[in-house]
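Computed from a predicted structure; not experimentally measured.
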Amino acid sequence: MQSGGTGSDGNGRVGAGVTGRSAPLRVDAQRNLEHVLRAAREVFGELGYGAPMEDVARRARVGVGTVYRRFPSKDVLVRRIAEEETSRLTEQARTALGQEEEPWSALARFLRTSVASGAGRLLPPQVLRVGVEPEDTARDETRVPPQRASVPGVSGGPGVSGAVQPELRIVGPQTVAADGGQDDAGASDLLEVVGQLVDRARAAGELRGDVTVADVLLVIATAAPSLPDAAQQAAASSRLLDILLEGLRPRSG
């Protein structure tokens with residue numbers, strides 16, 4: 001029996017005998033987990049996935065040890081946040097696809113909903129990545145949302161002299177599936193549903209013929225600026241999205 005290993009300390013930390021996946025969390029431990037996840041969304045949304053775990057802990061008002069107790073590495077936390085955002089984006093796309101009869105209305109609804117929810121600031125690294133690909137390098141390097149990529153030491157980032165500039169690219173479903181296996185299944189679903197929205201709008205002649213799923217995801221990423229004032233951020237996002245949506249329409253004449 002392991003009755004002695006199921007306690008918690010004064011900070012609500014679960015004892016070593018309890019694993020986060022197999023045992024129900026105490027109320028205080030569950031509250032700490034929710035605080036960490038909320039803080040991670042905020043911090044990664046503002047600074048990108050390169051932000052340190054210490055920033056997440058500080059925002060959650062917990063010790064960094066509490067964060068690592070639930071998420072053994074930053075990769076695990078990033079994966080959790082990315083998976084949740086992928087699921088949310090996919091559901092928003094499916095809702096637009098099922099509730100809007102007009103192809104353009106469906107695509108525009110998906111974009112407006114996604115941008116308004118702030119999902120663009122947390123596009124999953126498996127879908128949107130910065131790849132530094134010199135001629136002799138076959139692999140992608142960092143997986144950081146490009147609109148927030150300002151982490152020292154990343155090739156092409158601020159303060160790195162003579163660095164190769166990152167190339168932004170969207171990874172297609174086949175690359176996603178081959179790259180990450182089961183963890184990337186949600187990303188493949190997202191790309192598939194957004195692809196349906198794009199295909200319908202293009203077939204109806206309401207979307208430029210050269211617009212791809214990659215372009216739509218870039219609209220979501222760039223139309224969600226992070227500003228200190230919530231009202232200013234909402235206004236800026238709405239205005240920027242109006243301009244970007246107009247750019248997706250076929251050219252008249």
E102 CD: over 12 foreign heavy atoms closer than 6.0 Å: no
Whether over 12 other heavy atoms sit under 6.0 Å from R239 CZ: no
Given V216, L244, L217, L197, the one that forms side-chain contact (heavy atoms from CB on, under 4.5 Å) with L111: V216
Rounded to the nearest 0.5 Å, what separates atom [atom1] in [X] from atom [atom2] in [Y]?
| X | Y | atom1 | atom2 | value |
| --- | --- | --- | --- | --- |
| Q30 | H35 | CD | NE2 | 10.5 Å |
| T90 | E192 | OG1 | CD | 10.0 Å |
| L97 | Q196 | CG | CD | 5.5 Å |
| L77 | R80 | CG | CZ | 9.0 Å |

Chi angles and distances behind the side-chain contact (heavy atoms from CB on, under 4.5 Å) call for T86, E83: CA-CA 5 Å; T86 298; E83 286 174 354; 5.6 Å; no
Main-chain N/O of [Y] paired with [X] side-chain donor or acceptor, under 3.5 Å:
| X | Y | value |
| --- | --- | --- |
| K74 | Y68 | no |
| T95 | E91 | yes |
| S238 | A235 | no |

side-chain contact (heavy atoms from CB on, under 4.5 Å) assessment of R41 paired with I81: CA-CA 7 Å; R41 292 186 193 99; I81 298 299; 3.8 Å; yes
Which atom of [X] lies closest to which atom of [Y], heavy atoms considered:
| X | Y | value |
| --- | --- | --- |
| F110 | L89 | CE1-O, 3.4 Å |
| T212 | D215 | N-OD2, 2.8 Å |
| V36 | F71 | CG1-CE1, 4.0 Å |
| G205 | P250 | O-CG, 3.2 Å |
| L241 | V219 | CD1-CG1, 3.7 Å |
| L122 | G45 | CD2-N, 3.7 Å |

Determine, for [X] against [Y], whether the closest basic-nitrogen to carboxylate-oxygen distance falls under 4.0 angstrom.
| X | Y | answer |
| --- | --- | --- |
| R59 | E46 | yes |
| R88 | E85 | yes |
| D199 | R202 | yes |
| D55 | R58 | yes |

Salt bridge (charged side-chain N to carboxylate O under 4.0 Å, His left out) between R112 and D242, worked out: CA-CA 9 Å; R112 291 190 184 282; D242 285 341; 2.9 Å; yes
Criterion salt bridge (charged side-chain N to carboxylate O under 4.0 Å, His left out) on E34 and R38, from CA distance to verdict: CA-CA 6 Å; E34 292 170 357; R38 181 166 55 249; 5.6 Å; no
side-chain contact (heavy atoms from CB on, under 4.5 Å) evaluation trace for R249 with E206: CA-CA 6 Å; R249 302 282 269 178; E206 297 179 335; 3.9 Å; yes
Polar contact flag, side-chain donor to acceptor under 3.5 angstrom, Q92-T113: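 No.
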Donor-acceptor side-chain pairing of Q99 and R109 below 3.5 angstrom: yes
Within 45° cone and under 6.0 Å: R200 NZ/CZ vs W104 ring: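 Negative - R200 is either too far from the ring of W104 or too far off its axis.
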Check against side-chain contact (heavy atoms from CB on, under 4.5 Å), R208 and L248: CA-CA 6 Å; R208 283 172 45 177; L248 296 178; 5.7 Å; no
